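Every heavy atom of this structure was used, including side-chain atoms; hydrogens, water molecules and symmetry mates were not. If you're wondering where the values come from, they're calculated on a predicted model, not measured in any experiment. In listed order, ligands and their atoms are each counted from 1. One-based numbering along the sequence shown.
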Amino acid sequence: MPALVLLGAQWGDEGKGKATDLLGGSVDYVVRYQGGNNAGHTVVVGDQKYALHLLPSGILSPECTPVIGNGVVIDPAVLLSELSGLNDRGVDTSKLLISGNAHLITSYHTTMDKVTERFLGSRKIGTTGRGIGPTYADKINRVGIRVQDLYDESILIQKVDAALDFKNQILAKLYNRRAIEAGKIVEELLVYADKLRPYVSDTTLVLNDAIDAGKVVLFEGGQGTLLDVDHGTYPFVTSSNPTAGGACTGAGVGPTKISRVIGILKAYTTRVGAGPFPTELLDEDGEALRRIGGERGVTTGRDRRCGWFDAVISRYATRVNGLTDFFLTKLDVLTGWERIPVCVAYEIDGKRVEELPYSQSDFHHAKPIYEYLPGWTEDISKAKTFDDLPKNAQDYVKALEEMSGAPISAIGVGPGRTETIQINSFL
Ligand code: GDP
Ligand code: IMO
Ligand code: MG
C-alpha cells in the first residue's frame, strides 16, 4: 500500500494536519500537491503547537521527507519564514524538496487578490488574500513564474515583463492603482533564488522512484472537496483541485500508483468565507460548536461558520474522490448535546434530494432534512478503542459511516497526536 491520498471531505479545516502528522512516523514522504499558504494546519505534538501553512505536516516527523509538488503555489517569503520559524524551535527542515515546476506567488499576485476582492464588494469570495487565485490564473493563462525561472535571470525578466504588461493596464485603468515596476519584482524574486536552491529538485522523478521502491508516500491535500475549483461550490471555492485527482496532476504520479484515498471528515461542518452552507447554524448551537471546537481560522483568524454534520456532502466526497476510508475528527466536540441533528437529505423546491445538486441555484435553495441521533455526556477524550466510547457515540459514528458510503477507519477525540482511535490501519 505505498501511496495514499489524505484530503478534506468538507470545506477545509477538518483536521488534515493532525491526521497527516499522525501517520508521519510510518511514512517516507509527505507531499503537498495543491494550494499554497491559504492552508492552515494546527498540529499538536505533546505540549507543542505548530501552525503550518505551506509546508507539508510531515515536516514534523524527522524520518519523513517533506515535498512541495508542482501543483502548489509558493510565496517564497512565507516559505522561508515558515522554515526559519521551525528551525528556531529545533525542527530539522533540511530534507525538504520543492518542485522546480511549482509556481511562485509574487507581490503583484497578492495585490491583485486584494484589489479584486475589494472591487467585488458584496459579491466577494472572502479569499484569504494570499494571492492564490491570481497565481493559478496566471499559470493557466501561461504567464506564470515558476521556481525554476529564478535560475535564469534573462528568462525571469522576460516572464515578469510579460505578466505585468496586461496587469498594469488593469491596475491603472480599472482599479486606479499605480503600475508595478517589473525590475523591482525581479529584484525581489532574485533574493530568494540562492536560499531556495538547496531544496529544488525533480520531485516527480523522486516520488515515482520512491513508490516503485515500495516506500510509503502520503499526498496531503489543502482545503477540501467543496472548495475544489471543479467539484466544489463554485465560484465560492479556491482555485485548485484538492480532490483526489489533484494529487496525480499536482505531484506527477499516475492514478494507477494510488492505493488508498482517505477523507478527513469533521463530526460536524465548518466553512470559512462566503458561499452556500445548508446546515449552517446562526444560533447558540452554532456559537457553542465554534467555542468548544475552537473554530477560528489558522491563516486569517476569521471565525469559522459552524453547522451540523451533512451526510449529503460526505456521500458526495466519497463519490468524487473515490474514498476508501474516512478519518472522523472532533467527535469530542459533540459531547454534551442531548440529541444531535444530522442532515440526511435536502429539500429543494418542495422535493427531497439525496445527492448534492450540481446546479448552483438548487444548492443555494437546499434546506436540510434532519434525523436526530441521541447524544452522550461522558468525556470521550481518553478513549483508545471504539469499545471505550459510550454506546450513543458509537451509534453516531456507525450512522455517519452508513450514510457516507466508506468505512470510518479512525476517530479523533482530541487535538493531540495520541487522541485518536484507530479502527483499521491506513497502511
Ligand atoms: P486542517 O486545515 O484540516 O489541517 O485543520 P485545522 O488545523 O485548520 O483545524 C482543525 C483544528 O482541530 C486544529 O486546531 C486541530 O488541532 C484540531 N483537531 C484536530 N483533530 C481534532 C479532534 O479530534 N478533536 C479536537 N477537539 N480537535 C481536533
Ligand atoms: P485548510 O487547508 C478553509 C477558502 C477561503 C475562501 C476560499 C477562496 O486549512 O483546510 P483562496 O484564498 O483560497 O482563494 O480563498 O477558500 N479557503 C479555506 N477555507 N480552510 C482552508 O485551508 C482554506 N483555504 C482557502 O476562506 O472562502
Ligand atoms: Mg486549516
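In this structure, Arg304 does not count as a contact residue of ligand 2, since none of its heavy atoms falls inside 4.0 Å of the ligand. Not a single heavy atom of Glu14 sits less than 4.0 Å from an atom of ligand 2. In this structure, Gln223 has a heavy atom closer than 4.0 Å to ligand 2. Taking 4.0 Å as the cut-off, Gly40 counts as a neighbour of ligand 1 on heavy-atom distance. At a 4.0 Å cut-off, not a single heavy atom of His53 sits close enough to ligand 1 to count as contact. Heavy atoms of Val237 come nearer than 4.0 angstrom to ligand 2 in at least one pair.
Any N or O atom pair closer than 3.5 Å counts here, and Ser239 shares no such pair with ligand 2. For the pair Gly222 and ligand 2, the shortest N or O to N or O distance does not fall below 3.5 Å. In terms of polar-atom proximity, Thr238 is counted as a contact of ligand 2, with an N or O under 3.5 Å from an N or O of the ligand. Distances between N or O atoms of Gly40 and those of ligand 2 include at least one value under 3.5 Å. Ligand 2 has an N or O atom lying under 3.5 Å from an N or O atom of Arg302, backbone or side chain.
Using cut-offs of 30° and 60° on the angle between ring planes, the pair Trp11 and Phe363 is tilted. Between Phe426 and Phe327, the ring planes are parallel. Angles under 30° get that label, and only those over 60° would be called perpendicular.
Both cation-pi conditions hold for Arg339 and Tyr372: the charged atom is under 6.0 angstrom from the six-membered ring centre and inside a 45 degree cone around its axis.
In this structure, Ile380 CD1 and Gln394 CD are separated by 10.5 Å, a value rounded to the nearest 0.5 Å.
At the top of the distance list for atom 19 (C) of ligand 1, counting protein heavy atoms only, stands Lys18 CD, 3.8 Å. In terms of protein heavy-atom proximity, atom 24 (N) of ligand 1 is closest to Asp332 OD1, 2.8 Å. Closest to atom 22 (C) of ligand 1, if we only count protein heavy atoms, is Gly414 O, 3.1 Å. Of the protein's non-hydrogen atoms, Thr42 CB, 3.6 Å is the one closest to atom 13 (C) of ligand 1. Here the heavy atom of the protein found nearest to atom 12 (O) of ligand 1 is Lys330 NZ, 3.0 Å.
The N, O or S atom of Asp13 with the smallest distance to the Mg ion (ligand 3) is OD1.
Within ligand 1, the atoms closer than 4.0 Å to a non-hydrogen atom of Val413 are 23 (O), numbered from 1 in the order shown.
In this structure, Glu287 pairs ionically with Arg290, as a charged nitrogen and a carboxylate oxygen lie closer than 4.0 Å.
Contacts of Val298 with ligand 1, taken as heavy-atom pairs under 4.0 Å, involve the side chain alone.
Among Thr233, Leu227, Val73, the residue whose heavy atom sits closest to atom 18 (C) of ligand 2 is Leu227.
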So Asp13 and Arg304, salt bridge (charged side-chain N to carboxylate O under 4.0 Å, His left out) or not? Walk me through it.
CA-CA 9 Å; Asp13 301 322; Arg304 294 174 183 153; 3.1 Å; yes
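Partner of Trp337 under the ring-ring contact (aromatic ring centres under 6.0 Å, His included) criterion, out of Trp308, Tyr268, Trp376: Trp308 alone.
Between the side chains of Ser361 and His364, no donor N or O sits under 3.5 Å from an acceptor N or O.
With a cut-off of 2.8 Å, the Mg ion (ligand 3) has an N, O or S atom of Gly40 in range.
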